[in-house]
Number of protein chains: 2
Amino acid sequence: MQYSKSTDYALHALLHMAHTRRRDNIGIKELAASLGVSESYLSKIMSKLRQDGIVRAVPGANGGYELAKPPGRITFLDVVRVIEGRQRLFECSNANSRQHRMLAEESGSEPAGDLPDSDECLVKQVMDGAERHLHQYLQEHTIQSLLDAAASRERSRTAGRK
Amino acid sequence: MQYSKSTDYALHALLHMAHTRRRDNIGIKELAASLGVSESYLSKIMSKLRQDGIVRAVPGANGGYELAKPPGRITFLDVVRVIEGRQRLFECSNANSRQHRMLAEESGSEPAGDLPDSDECLVKQVMDGAERHLHQYLQEHTIQSLLDAAASRERSRTAGRK
DNA sequence: TTATTATGGATATTCGATATCCATAATAAA
DNA sequence: TTTATTATGGATATCGAATATCCATAATAA
């Protein structure tokens, strides 16, 4: 289980845009060259970011992309959600298995009507908790966090110089 | 990004083994039937669990599988690691990109010799943090947690009965 | 000896991730 | 208005991992 390269590209593209801040926007050509990725593929990713309101796009000569929000308001979770989609970290494919029926019967739920829901799966409940933890962390980190980290790294280097 | 079905099968198989505790072991036939999965496929998964010392296997008539440790010592992280492998949650595929070279220069690192390591990628550093959080959570939850949750669910149901 | 059961190799299939090409629309510059 | 530039989105191709099955073999109990 691994985040896709697309997520990697998206995050690096946003970092690049936030880092090399200037008045005009950045074309896909420069962006792709900077990241070492093909323009074709990166443009798909940028389109997704635009559709989700993370970046703005201007077609035509001297067009390109720019951040649609301040870097502090673009969280890692935002990016992951757009690129990776909304699928859950874990899905129980055994909802109607004999095991779940057994557990449901034991706990004495009414036999009529209520099929054992996937939400009743104990394994999934734990995994959903894991997903919540992961997402909370991703929500607490933004593109601005990257800029801060870069600045901090710079500072410590300068201070430690002989 | 999603945990594989194999992880789902593995966790449910372990829950089944821990739940229907008896003196003898459980054959792949019964296990597969309970989970609604093919014996062929499940046996691959069980082999992995055996190689990692999570279950024991006995071939021959009346053979089968049994837990090799108490349920409280089998963590979700153990299972995930065995089934999903050791690959990281995030890999930076841009380590030698122009962006990373720029950031490296800015921070004034020596130009000679030290190529920008993947570990120096700011994006990856955040993602590594996310992975640590996720793994910590998974390590805190065991097969025993599932048994406890089942018992707790049973208790609350019984208490709330009219 | 025989029946049962796990093991592991080989192989097939499916599907999402990755990637590219091209026609089109939109915009700025000339 | 014309032209060049740039983003957009559809179509398509490729690749690899996940999923799944089959079968020969080894190990064990009856």
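When reading the values below, keep in mind they use all heavy atoms of this one structure, side chains included, and skip hydrogens, waters and symmetry mates. Per chain, numbering begins at 1; letters A, B, ... match sequence-line order.
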For the atom pair [atom1] ([X]) and [atom2] ([Y]), what is the distance rounded to the nearest 0.5 Å?
X      : Y      : atom1 : atom2 : answer
A:R56  : A:L67  : CZ    : CG    : 9.0 Å
A:M1   : B:I83  : CE    : CD1   : 13.5 Å
A:R132 : A:M127 : CZ    : CE    : 13.0 Å
A:L49  : A:L11  : CG    : CG    : 9.0 Å
A:L146 : A:H12  : CG    : NE2   : 8.5 Å

Is a donor from one side chain sitting under 3.5 angstrom from an acceptor on the other, for B:D148 and B:S145?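 There is no such pair (donor and acceptor under 3.5 Å, judged by atom type) between the side chains of B:D148 and B:S145.
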
Indicate whether the side chain of B:Y41 and that of B:S6 have a donor and an acceptor atom separated by less than 3.5 Å.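 The criterion, which ignores hydrogens and geometry beyond distance, is satisfied for B:S6 and B:Y41.
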
Starting at atom [atom1] of [X], determine the distance to atom [atom2] of [N], rounded to an integer number of angstrom.
X     : N      : atom1 : atom2 : value
A:R56 : D:dT8  : CZ    : P     : 13 Å
B:Q87 : D:dG16 : CD    : P     : 15 Å
A:K44 : C:dG16 : NZ    : P     : 18 Å
B:E91 : D:dA17 : CD    : P     : 14 Å
B:Q2  : D:dA18 : CD    : P     : 12 Å
B:I26 : C:dT5  : CD1   : C1'   : 15 Å
B:L42 : C:dA6  : CG    : P     : 10 Å
A:Y41 : C:dT18 : OH    : C1'   : 4 Å

Could you go through the ring pair (Phe, Tyr, Trp, His ring centres under 6.0 Å) check for B:H133 and B:Y137 one step at a time? CA-CA 6 Å; B:H133 267 242; B:Y137 181 95; over 10 Å; no

[X] has a side chain; which of [options] sits nearest to it?
X     : options                : result
B:I28 : C:dA6, D:dT6, D:dC22   : C:dA6
B:P59 : C:dT20, C:dA28, D:dT28 : D:dT28
A:K5  : C:dA19, D:dC22, D:dT8  : C:dA19
B:Y65 : D:dA20, C:dG8, C:dT7   : C:dT7

How would you label the contact of [X] with the nucleic acid (heavy atoms, under 4.0 Å): base, sugar-phosphate, or nothing?
X     : value
B:G60 : base
B:S47 : sugar-phosphate
A:E39 : nothing

Check whether any side-chain N or O of [X] sits under 4.0 Å from OP1 or OP2 of [N], and answer yes or no.
X     : N      : answer
B:S38 : D:dT21 : yes
B:S6  : D:dT19 : yes
B:N62 : D:dT28 : no
A:Y9  : C:dA17 : no
A:R50 : D:dG9  : yes

Should the side chain of A:K48 and the base of D:dG9 be counted as holding a donor-acceptor pair, with the cut-off at 3.5 Å?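 No such pair is found, so the answer is no.
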
Closest-nucleotide 5' rank along DNA chain C - winner of A:S4 and B:V58: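 The answer here is B:V58.
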
For B:K29 and A:E84, find the nucleotide of DNA chain C closest to each by heavy atoms; which residue's nucleotide sits nearer the 5' end?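 Looking at the nearest nucleotide for each, B:K29 comes out on the 5' side.
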
Take A:G63 and A:M1, find for each the nucleotide of DNA chain D with the closest heavy atom, and name the residue whose nucleotide sits nearer the 5' end.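 The answer here is A:G63.
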
Map every base of DNA chain D to its dot-bracket character, where paired means a Watson-Crick or G-U wobble contact with both distances under 3.5 Å and | marks a partner outside the strand. ||||||||||||||||||||||||||||||

Quick one: do B:L77 and A:L89 end up in the same hydrophobic cluster if we chain Ile, Leu, Val, Met, Phe, Trp and Tyr together by side-chain heavy atoms under 4.5 Å apart?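 They do share one cluster, since a chain of ILVMFWY contacts under 4.5 Å joins B:L77 to A:L89.
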
